[in-house]
Amino acid sequence: MAVREIRPGVSWVGVIDWDRRLFDELIPLPEGTSYNSYLVKGSEKTALIDTADPSKEKEYIENLKNSGINRIDFVISNHAEQDHSGAIPAVLKAYPEAKVVTNPKCRDMLKDLLLIPDEKFITVNDAETLSLGNKTLEFITAAWVHWPETMFTYLREDKILFSCDFLGSHLASSGLFSTDEPHVYRSAKRYYAEIMMPFRANIKKHLEKIGSLQADVIAPSHGTVHKNPKFILDAYRDWVSDEVKNEVVLPYVSMHGTTLAMVSHFTDRLLEKGIAVKPFNLTKTDIGELAMALVDAATVVIGCPTVLAGPHPAAVYAAYLANALRPKTKFASVIGSFSWGGRMLETITGMLSNLKVELIEPVIIKGFPRDEDYKALDRLVDTIAEKHKELAILK
Ligand code: FEO
């Protein structure tokens, strides 16, 4: 793949991974991804910003060589995770004069993860700069987007922010730039939900800092490059805000149709009350879709049968995921059933300790729902409606 110019002297030199369908053996990638690497050529020195996943190392190095890149003075490592750092050893082999420029925390991680020797590093701290001659790189520490060592690199003269994982998307695209904003928005929201949402408080601070830079271009390390930074910054400001939507996310699993009967009744009543609902059958759902729904829903209700005296493992997975992703959800509840007993409810609610939610009275029934059970579900819907009205998200 050829280099693709962003500005004179600044080019994309990454790899598009069209076929990848799973990241971290966890996150579905319905549209593949890219490992964006950028070459910045100054009048005196040349810097490479981030590299590529080791699975694409051969292709990446061939691309660099075929593109006529004869010398690299600095490899800037914004983040130690291997999808960006994994090809650094290969770059150092192909370009032995290059030094790795990063912050001390990232250096230590690269030494551990990739066994890069100490003498190959130049360390920099927050707000330090590196001159390439007529171009200046400024380093901005940005903990927790995505790991504690993460930093951004800002190219002052061209006003380009290289934001690594932050503001990116898992999107393999033949276009370099975010021209189809509705498409990129959806992909970026999924990415935010799966990767960034647990760090909402940190992100708020980083957004303020980035806002003050007034960058013309934001170039993340996955997905398309934003020539209209306002588009992605406004989307993030919305996602990290405390505002929630009049919506119930309903991950559920049903073994013999009992929990499904409850879910169907509950869903119909929510809709009658004017509350949006997103049911996710956990035996079929793409967890990225579930994560995305959690970004701004006011309420989560988990639908779960009892198996082996506890919750169904699929519901355990959903509860664990919701707890780990720490969405800004305000209310939670559980609906479900048992045949003879068990501790399903206690186990599920005990798994939601990270969520700052008010637990609404669950509806747990014995056997198939009877009239009084449907009435209990109606009362749960009424309570959710009242809570949403208190937030002024339901009229
Ligand atoms: Fe794309 Fe945290 O690595």
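When a ligand or atom number is given, it counts from 1 through the structure's own listing order.
Ring pair Phe199/Trp239: centre-to-centre distance not below 6.0 Å.
Within a 6.0 Å radius of CZ in Arg186, other residues, nucleotides and ligands contribute 12 heavy atoms or fewer. Residue Lys227 qualifies as open at atom NZ: its count of foreign heavy atoms under 6.0 Å is 12 or below.
At a cut-off of 3.5 Å, with distance as the only test, a side-chain donor of His183 or Glu31 sits close to an acceptor on the other residue. Residues Ser178 and Thr224 have side chains that bring a donor and an acceptor to within less than 3.5 angstrom of each other.
For atom 2 (Fe) of ligand 1, protein N, O or S atoms under 2.8 Å: 4 in total.
Listed by chain and residue number, nothing satisfies the side chain to side chain donor-acceptor pair (under 3.5 Å) test with Lys56 (two or more places apart in sequence, or in another chain).
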